[in-house]
Each structure stands twice: as C-alpha cells, then as structure tokens.
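Have a look at the structure below, then the notes.
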Amino acid sequence: MPASLAHLHTNNCSSIFAHPPMLIQTQINPTLKIPSFSRKPIQTHTLKDICLRGNLKEAFQSLPVSSNDHPDETYAPVLELCAQKKALSQGLQIHARMIKSCSVSESVFLATKLVFMYGKCGSVRNAEKVFDQMGQRSIFTWNAMIGAYVSNGKPFEVLQTYKEMRVLGVSLDAYSFPSLLKASGLLKNLYLGSEIHGLAVKFGYDSTVCVVNSLVAMYAKCDDLFGARRLFGRIDQKDDVVSWNSIISAYSSNGRSMEALELFREMQKAGLDSNTYTVVACLQACEDYSFRKLGKEIHAAVLKSAQLLDAYVAGALVAMYVRCCKMSEAVRTFNKLEEKDKVAWNSVLTGFIQNGMCSEALHFFHDFQNAGEKPDQVTVISILVACGRLGYLLNGMELHAYAIKNGFDLDLQVGNTLIDMYAKCSCVNYMGYAFNRMPDKDLISWTTVIAGYAQNSYALKAFELFRELQLIDIDVDPMMIGSILLACSELACVPQVKEIHGYIMRRGLSDVVLRNMIVDVYGECGHIDYAVQTFESIQFKDVVSWTSMISAYVHNGLANEALELFHILNKTNIHPDSIVLKSALSAASSLSALKYGKEIHGFVIRQNFSEGSIASSLVDMYSRCGMVENAHTIFKSIQSKDLVLWTSMINAYGMHGHGKVAIDLFNKMKENLTPDHVAFLSVLYACSHSGLTAEGRQFFEIMKYEYQLEPWPEHYACLVDLLGRANCLEEAYEFVKSMQMAPTAEIWCALLRACQVHSNQELGEIAVQKLLELGSTNPGHYVLVSNVFAAKGRCKDAEKIRSRMKERGLKKSPGCSWIEVGNRIHTFIARDKSHPECHHITKKLDQITEKVEKEGGYIAQTKFVLHNVEENEKVKMLYGHSERLAIAYGLLKTAEQTPIRVTKNLRVCGDCHTFCKLVSKLFGRELVVRDANRFHHFEDGVCSCGDFW
C-alpha cells in the first residue's frame with residue numbers, strides 16, 4: 001500500500017482471551033470431585049487478523065451477517081486485502097454487500113477505500129463512479145483517485161484532477177505529490193513537474209523523503225539528470241534507501257550505466273543495506289555484454305541474501321542475462337523460479353529472439369504452452385518474429401488465427417509484426433490482408449508493407465502504396481525511401497530513381513545511408529555516370545559507400561575501374577570488409593587478373609581477415625584466372641565448408657574440363673550437405689563440358705525425383721547442350737518438347753548450336769523459328785541465327801536478321817581479348833591498332849603465323865568466317881582475331897617457360913583453337929585461354945577440352 005494511504009490502517013488489536021466461568025454448587029451430600037479445567041486461554045481471531053494473514057477466502061467466510069454497527073471496521077480490512085490481491089471480482093462483491101447493508105456515500109472513509117481498491121485492481125471506471133457519487137471528499141480521497149489514474153497509466157486524467165483540486169481549493173498534503181510528480185514524469189512534462197516542485201517548496205514538503213524521492217524520479221523521467229542529481233545532493237542525511245534507489249534508477253533508466261553503478265558503490269560505502277528495488281535498478285544498469293561480470297557479482301550477492309530474491313529480482317536477473325547474451329544463464333535462472341509469471345516467460349522468449357536463437361524460442365514456446373500459459377500480445381509478437389526469420393509460414397498462420405480469435409491482430413504492434421512475418425515468408429497476399437485489416441496504421445506499418453512488396457519483387461505494388469502514403473499526413477523516413485529504391489532497382493527504371501533522388505534532396509533526407517543506396521540503385525540500373533556523381537558528392541564516405549561504387553563498376557562490366565577504386569580505398573583510413581573484398585575479387589575474376597587477385601588475397605592474410613568468410617570468392621577468383629590448383633588449396637584449407645564453397649569448387653573443376661573430379665566432389669558433398677539447384681547446375685555443367693552424357697542424364701533424374709527439385713530453365717538448357725554435344729539431337733528435341741514449362745531462348749540456342757555443329761538442318765530450322773518467335777533481347781541469339789544462315793549460304797536471310805537487330809537497337813559485342821602483363825590489363829579488339837606497341841605486336845604475330853604455317857602445317861580455315869567477302873580477306877580477318885594479338889603480346893613481353901593467360905569475351909573459333917595448339921607446341925609455352933564458355937589449357941599441341949567445346 002502506498003504511503004499516501006498509510007493513515008487508513010487501523011491499529012492492530014490485541015488478542016481477546018475468554019475465561020470459562022467455574023460453576024460451584026454447595027450441597028449437603030459430600031462434595032463431588034469435579035475435575036479441574038485448564039485455565040489456558042483460548043485464542044480467537046478478528047477479521048482484521050485474518051486479512052493481515054492474506055487469506056481472502058477465510059476473510060469472506062468471517063464477514064458478519066450484519067455490519068450496520070461498525071461498517072468501517074468490518075469492510076476496510078477486506079477492501080485492503082482485495083486491493084493487495086488485485087481481486088476485482090471479490091471487491092465488486094464487497095461493494096454490493098456494502099450498498100445493501102449501509103450507505104457507502106455517507107462514509108467518506110469507506111468510499112475512499114473503494115476508490116483505492118478499484119484503482120489497484122485496474123478498474124478505473126468503477127473508481128471514478130464511486131468518486132463522482134461522493135458528497136464529501138477528503139484529501140485522502142483525492143489522493144486515492146490520483147493514485148488510481150497513475151497506477152493505470154492515465155497521466156492526462158491526473159492532470160485534469162489536479163486542476164480540479166486547484167480550482168476547488170483542495171490543499172495538497174505530502175502524499176499528493178508523489179502521484180502528481182509521477183504523472184509529470186510519464187508525460188515528460190518538465191514544466192508541470194517544476195510547477196508541482198514549486199508547490200512542494202511552498203507547502204514545506206520539499207524536505208519530506210517521499211516527496212524528494214519522487215522529485216528525483218520526475219526529473220530523471222523528464223531527461224533532466226542534472227536536476228535529479230542536484231536534488232539528491234541536497235539531502236543532508238542520505239540514510240534512506242529509497243532515495244538511493246531513486247537516483248540509481250534515474251541514471252539506469254537513462255542509459256547512464258556506469259554512473260548508476262558508481263552510485264550503488266557509494267550507497268554500499270555509506271553502510272546502507274540494499275533492497276529488491278536497489279538490486280533491480282543495478283541489474284537494469286548492466287545493459288550489455290561488457291557488464292556480464294558485474295551482473296554475475298550482483299547475482300551472487302542476491303543468492304547470499306535470500307531475502308532479496310523475489311519475483312521482481314528474478315525477472316530482472318533473467319532480463320540482465322538476456323541483454324548480456326548469456327541465454328544459458330537466463331534459462332537457468334528462470335528454471336529456478338518457484339512461481340513463473342507471464343513476464344518471466346516473455347523475457348526469456350524475447351531473449352532468444354534478440355540473440356538470434358529462433359529455433360530455441362519455438363521450443364521454449366512449446367514449454368510455455370505445456371505449462372498452461374496463454375500467449376498475450378508480447379508472446380505473439382515474439383513467436384511471429386521467430387516464424388518470420390525461420391520462414392515457418394504455417395506456424396505463423398496458426399499464430400495469426402490465434403491472434404484474430406483473441407482480438408490481438410487489431411493491436412498495432414501485432415499487426416506490424418504479422419506484416420513482417422508474411423513478408424519474410426514471401427506470402428504477399430496474406431501480408432496485404434494483415435495490412436488492410438489494421439484499424440490504425442503508423443509509419444512502421446507502411447514502411448514494413450512497402451518493404452515487403454519491394455523485397456518480394458512486387459515493385460509496382462510498392463510504388464502504388466508509396467503514392468497512397470503521400471496523400472495522408474505521415475512523414476516519410478529514410479527506411480521507407482530505402483524500400484522504394486529497392487523497388488526502383490527491381491524495375492531498373494532510371495527516371496523513377498531520379499524522381500526519388502530529387503524527392504530525397506528536397507526533403508533533406510539525404511544522409512550517407514540513402515546516398516549509398518542511390519549509388520547502388522544507379523549501378524543496378526546501368527546508369528554508372530549518376531552513380532559516380534552521387535558517390536563523389538558524399539563528403540564523409542563509409543565502407544558501404546566504397547562497396548556500393550565498386551559493386552556498381554563490377555555490375556556494369558567496368559572491372560578495371562573497380563580495381564582502381566579498390567586501390568584508392570586502401571590508401572584511406574577505412575578498412576575494407578568482406579563485401580568489399582568479394583566485389584574486388586569478382587572484378588579480378590572477370591578480368592582473369594591473377595596478379596590483382598593474388599594482391600587481394602595477400603591483403604586478406606596481412607589483415608588477419610578470416611579466409612573462411614570469402615573462401616568461395618577466392619576459389620572462384622583462382623579458378624577463373626586459370627589456377628584451379630590454387631583454388632583447390634584454398635578449398636582444402638577451410639575446415640567448415642558450406643554449400644556455396646562446395647558448389648564453387650565443383651564449378652571450378654567443370655569449367656576446366658575435369659568432369660569426373662567434379663562428380664567425385666559432388667558425391668562427397670552429398671554425404672553431409674543437401675545439394676540445391678545451383679549445386680546441381682554446376683555438376684551438370686561439368687558433365688556437359690566433359691562429354692559425360694550418361695552421368696548428366698542421371699544427375700538430372702536424381703535432382704528431379706530424389707531431391708524433389710523442380711528444374712530451372714538453366715538445367716534444361718544444360719542437359720540439351722549435353723545431349724547436343726553428344727550428337728543425340730533427336731533425344732534433345734524430344735526432351736525439349738516434353739518440358740513442363742515453355743522452353744526459353746537459351747534452350748533453343750543450345751539445340752541450334754548443336755544442330756550447327758552436327759549439320760542437322762531440319763532440327764536447326766525448327767530451333768531457328770522457335771528462337772525468332774520468342775523475340776529475344778539478347779543480341780547473341782540473333783548473331784547465332786545469322787551465322788547459321790550465312791553458313792548455309794542464305795545471305796539474304798542473314799542480312800534480314802541483322803536488320804532486325806538494328807531495328808530493336810541491339811548490337812553485337814565485338815570480339816575482345818585481354819592479357820595481364822606487368823601491372824596492367826592490356827585489351828585487344830579484332831584487327832586492333834590502338835595499342836601503343838601495335839607495330840611490335842603486329843610484327844611478332846606475323847612471325848608466329850609464319851612459323852606455325854611452315855613448321856606446323858597451319859592452313860587458315862576460312863569456313864569460320866561467315867562474312868560475305870573474298871577468300872583472302874577472310875584469311876586476314878582470321879589472322880587479326882583478338883586472342884592472337886593478346887598471345888603475340890604475351891610472347892613478346894613475358895618470360896620464357898611462364899604460362900600465357902588470355903581471356904576472351906566470346907567463344908574461341910575452331911581456327912583459333914588450332915592456332916593455339918600449334919603455338920603451344922612450337923613455342924614451348926602453356927597457353928591458358930578462357931573464353932565465354934570454359935577454359936582451354938593448351939600444352940604441347942594438345943587442349944584440355946579434347947576439342948570438345
């Protein structure tokens with residue numbers, strides 16, 4: 001019971017003893033021997049004694065039938081017990097009995113008790129009714145009503161009641177101020193709190209302990225810690241533990257943990273004993289992992305003093321261990337609780353979620369249900385978060401049904417969490433339903449649903465809701481803008497990105513996070529110039545800024561620029577993270593820039609960066625630079641290999657023509673991991689480039705029927721390519737016709753290439769027609785069709801295809817090759833004369849060509865030139881292919897016995913393939929050529945592809 005109503009307690013009555021009277025009779029006959037009775041008093045208990053013992057049932061049974069004589073003594077203790085037990089139902093029964101037996105309105109004392117009881121039981125409406133019906137009210141009545149409002153979180157009503165008291169001239173007493181000051185704190189109204197402080201000084205209560213403590217708490221709640229500390233400092237005799245609790249709680253609740261704990265030390269030095277409130281405040285100050293040791297010390301002190309361990313302290317201990325990421329300790333403390341209330345259950349549940357232990361949270365929720373507890377809003381929110389993060393849609397839907405049944409789904413926080421859960425489970429229909437059902441929506445609701453649509457590739461719906469949001473009075477925040485930018489990226493709509501960019505600038509929302517996103521989106525949309533401008537406009541760039549720009553360069557095929565920017569980054573004080581390193585390695589991979597790749601790897605080692613976090617990127621880099629042995633060394637060095645790393649290594653072997661090794665690695669991976677679509681694509685790719693037809697068919701069947709993975713178009717294209725290379729064209733065509741989905745352009749292209757290689761004109765014609773019907777936007781597809789027509793001598797049809805390309809704004813990518821020499825990447829285009837050393841390169845190439853013709857019997861195969869020109873012109877075109885220029889430059893500039901590594905953006909033609917084999921034999925140099933499809937290792941006149949590419 002609060003101090004404001006302490007005066008309502010009646011004094012304890014002493015026990016009443018009854019002495020049985022002795023009946024003595026005088027008779028003529030001899031005196032009878034009457035046994036003597038014990039004179040030990042017989043103890044009885046008053047109603048008040050029963051109430052003090054806390055037995056509500058016994059108190060009800062002890063109520064007299066009639067209490068007209070002493071109603072105050074009869075009902076007051078029972079009402080106090082109802083308030084203590086928060087027993088509203090029993091309180092209502094007592095009130096009804098009082099109305100029948102006596103006039104409640106005539107007893108100010110009992111009416112005040114009723115107001116107090118209803119307030120404690122959370123029934124503010126009933127408290128107001130009793131209060132309004134009172135003809136007379138004492139200051140204790142006003143205090144009871146204000147206390148009811150405060151304890152039920154209604155500070156505005158406290159303010160109204162306070163104003164009414166001032167108008168009526170009701171004098172405040174010492175017990176009025178704590179409630180008024182608490183209301184000021186809840187409202188964070190420092191002006192009102194200061195006014196009440198002034199009244200306390202005026203009435204002479206500013207030195208009363210309970211008022212001073214409330215003042216300290218009020219200033220702290222209003223974020224005026226200086227005022228709170230100054231008040232505390234003015235206390236002459238700091239021998240009241242409540243005062244210390246107030247100032248410790250003030251600092252603890254404002255995130256000033258060190259100051260709070262220092263005050264606790266001072267309190268201990270002053271010789272004061274802690275109570276449960278002290279312990280709770282100190283545990284709240286242990287706000288993160290760095291305080292775990294101190295939190296354990298407090299826990300140890302609690303265990304030594306059993307009187308400090310109650311439900312509140314136990315709950316605070318659980319919460320402390322949760323914040324310190326010590327969930328095992330939190331659960332151990334929870335399990336030792338004799339009485340586990342819902343707050344304790346929810347604390348542990350929330351702790352699992354906050355520490356990313358969602359599966360454990362669901363297991364704990366089952367224990368919660370088995371204990372007979374019913375979920376409330378906090379429980380529902382926690383489990384919905386777990387379901388969303390784990391992608392457990394069905395569990396989330398079950399909880400949604402429970403929320404609807406109990407009316408929780410109309411709660412703002414529950415509604416927002418439902419939207420987020422459905423978004424994470426990619427269930428946009430139910431996400432929209434949950435959003436539309438919410439009666440009230442805040443900024444978080446709109447942001448979450450827009451982000452949900454954007455993340456699930458419903459960009460137009462995200463834009464639609466964003467437009468709708470702009471029509472209502474809700475300010476847009478950077479997080480929502482980020483979601484809209486994500487939708488822009490999905491649509492690759494540059495005008496929309498520019499519009500959002502302008503909106504950001506006008507609204508002053510352009511912080512570094514949003515600018516980084518703008519750089520990223522411009523890069524995704526292929527507008528690299530705007531990305532560069534935005535990047536350069538960022539005054540204080542963070543690591544994300546650099547990552548976004550480097551990734552934008554890589555995404556747009558500007559690998560040289562990406563590597564240059566990475567080198568500039570290394571000269572700053574910003575330390576690259578794993579994402580930057582992956583982007584830089586991707587740039588090195590695309591250029592086959594082995595030296596750059598090794599430099600980045602060396603940087604990783606020097607900076608003690610975990611190779612495991614970027615192992616798959618390193619494997620990919622080395623394999624794309626032609627160093628499959630180095631890739632395997634990295635792979636072996638990683639102890640815990642994930643699916644991505646295994647897939648990268650399988651892909652590396654497949655790319656280099658080691659199909660059987662790739663298959664062995666795939667089978668080994670299956671022993672511990674479940675392969676996904678990408679893993680199967682990699683092993684099919686390996687089978688295709690090694691001519692392992694039977695194995696490829698088998699893996700396709702295993703994927704579909706054993707692992708229940710529905711093939712992607714890429715899997716179908718890979719198997720068609722595999723069958724086509726093996727000259728199983730009819731089987732490949734039947735396979736395409738049997739597909740469950742419509743064949744894509746890539747599938748028809750795979751079949752057409754096979755028909756071209758094996759001269760199957762009939763099926764080739766079908767593939768051409770199907771390919772043209774699809775209206776592809778890939779210029780490579782039209783080039784293939786044009787080449788097929790040209791090879792058959794159908795020059796007019798070939799010209800029509802090229803005209804169609806021009807009409808659609810499509811351009812053929814020119815053949816381009818590059819080689820890394822020294823610290824530079826040297827790029828060559830067919831018959832290129834732009835290189836500074838063009839004269840020396842041309843001269844060297846002529847020498848090479850002359851040698852392979854004389855000593856190797858090389859004769860140019862002009863059938864690979866599909867242009868309608870003279871024969872000698874075709875020979876010149878073959879001699880000027882870009883890979884030959886790169887090889888000539890490599891022989892000119894690199895040391896003998898070292899491999900020459902060349903990368904080409906298109907497939908190597910048959911004539912150049914023969915040329916490379918002869919060069920490797922006659923010049924004694926290993927040539928490693930990576931074309932658009934695979935690697936070719938030429939050594940001593942033999943290619944690793946076995947002339948199968």
Side-chain angles (χ1 to χ4, degrees), residues 554 576-690 692 695-696 699 702-703 707 718 820 899 901 903 926 928-930 933-937 939 944-945:
V554 173
D577 60 8
S578 62
I579 301 174
V580 178
L581 292 170
K582 286 177 182 179
S583 297
L585 285 169
S586 177
S589 299
S590 64
L591 292 172
S592 292
L594 180 60
K595 185 174 181 181
Y596 282 123
K598 284 184 173 181
E599 285 180 5
I600 297 167
H601 190 186
F603 175 85
V604 169
I605 295 170
R606 288 193 304 276
Q607 297 294 320
N608 293 319
F609 213 96
S610 171
E611 288 188 1
S613 61
I614 57 171
S616 58
S617 297
L618 284 168
V619 166
D620 189 60
M621 182 274 294
Y622 278 117
S623 65
R624 288 179 180 276
C625 291
M627 302 288 287
V628 71
E629 299 84 3
N630 290 35
H632 189 243
T633 301
I634 296 291
F635 175 77
K636 286 195 301 182
S637 69
I638 305 302
Q639 295 298 318
S640 180
K641 301 175 180 68
D642 61 8
L643 186 60
V644 176
L645 183 56
W646 282 95
T647 303
S648 298
M649 196 64 242
I650 292 166
N651 187 61
Y653 278 124
M655 191 188 304
H656 287 268
H658 304 304
K660 290 191 178 295
V661 180
I663 289 172
D664 290 342
L665 202 63
F666 182 85
N667 290 330
K668 189 175 181 181
M669 178 194 72
K670 286 197 303 178
E671 294 173 6
N672 299 308
L673 294 170
T674 303
D676 61 0
H677 284 87
V678 181
F680 272 106
L681 189 60
S682 295
V683 76
L684 284 171
Y685 180 89
C687 292
S688 175
H689 290 290
S690 296
L692 303 172
E695 291 86 343
F699 279 119
I702 289 172
M703 177 185 72
Y707 286 91
C718 199
E820 183 183 25
R901 304 178 189 281
T903 304
E926 181 188 357
V928 181
V929 180
R930 175 183 140 198
N933 199 42
R934 62 169 297 154
F935 268 91
H936 302 265
H937 293 261
E939 194 167 7
S944 61
C945 73

Rounded to the nearest 0.5 Å, the CG atom of N667 sits from the CD1 atom of I650 at a distance of 9.0 Å

CD (E939) and OG (S944) are apart, to the nearest 0.5 Å, by 10.0 Å

Does any donor atom in the side chain of R901 or S592 lie under 3.5 Å from an acceptor atom in the other side chain? no

Legend entry - Enclosure of I579 CD1 (heavy-atom neighbours >12, cutoff 6.0 Å): no

Rounded to the nearest 0.5 Å, the CG atom of L692 sits from the CD1 atom of I663 at a distance of 5.0 Å

- Aromatic centroids of W646 and F635 separated by under 6.0 Å: yes

Sorted by chain and residue number, the side-chain contact (heavy atoms from CB on, under 4.5 Å) partners of N630 (sequence neighbours excluded) come out as K598, Y622, M627

- [ ] Look at the aromatic rings of F935 and H656 and report parallel, tilted or perpendicular, splitting at 30° and 60°.
- [x] parallel

Correct closest heavy-atom pair for G597 and L585 would be O-CD2, 4.2 Å

Interatomic distance, CG@L581 vs CG@L618, rounded to 0.5 Å, equals 8.5 Å

For A686 and G654 the tightest heavy-atom approach is CB-CA, 3.5 Å

Donor-acceptor contact present, side-chain S688 to main-chain L684, <3.5 Å:
no

- Item | Close side-chain approach of I600 and M621, heavy atoms under 4.5 Å | no

Separation between NZ (K660) and CD (E695), nearest 0.5 Å, reads 5.0 Å

To the nearest 0.5 Å, atom CG of N933 lies from atom NE2 of H689 at 4.0 Å

* Decide if atom NZ of K670 counts as having more than 12 heavy atoms of other residues, nucleotides or ligands within a radius under 6.0 Å. => yes

Nearest heavy-atom approach of V554 to A587 is CG2-CB, 3.8 Å

* Asked: Is the backbone N or O of A652 less than 3.5 Å from a side-chain atom of S623, with the two atoms forming a donor-acceptor pair by type?
  -> no

Less than 4.5 Å apart, any side-chain heavy atom of M669 and any of K641?
no

Note to self: Determine whether Y596 and L591 satisfy the following criterion, side chain to side chain contact (heavy atoms under 4.5 Å, CB included), listing intermediate values before the conclusion.
What the structure shows: CA-CA 10 Å; Y596 282 123; L591 292 172; 5.6 Å; no

Original post:
Do M649 and V628 touch side chain to side chain, with heavy atoms closer than 4.5 Å?
Top reply: yes

In terms of heavy-atom contacts, Y707 and P675 come closest through CE2-CD, 3.6 Å

Correct closest heavy-atom pair for N651 and S682 would be CB-OG, 3.8 Å

Original post:
Got a donor-acceptor contact below 3.5 angstrom from the R930 side chain to the G626 backbone?
Top reply: no

Closest heavy-atom pair, T647 versus L643, reported as atoms and distance to 0.1 Å, is OG1-O, 2.8 Å

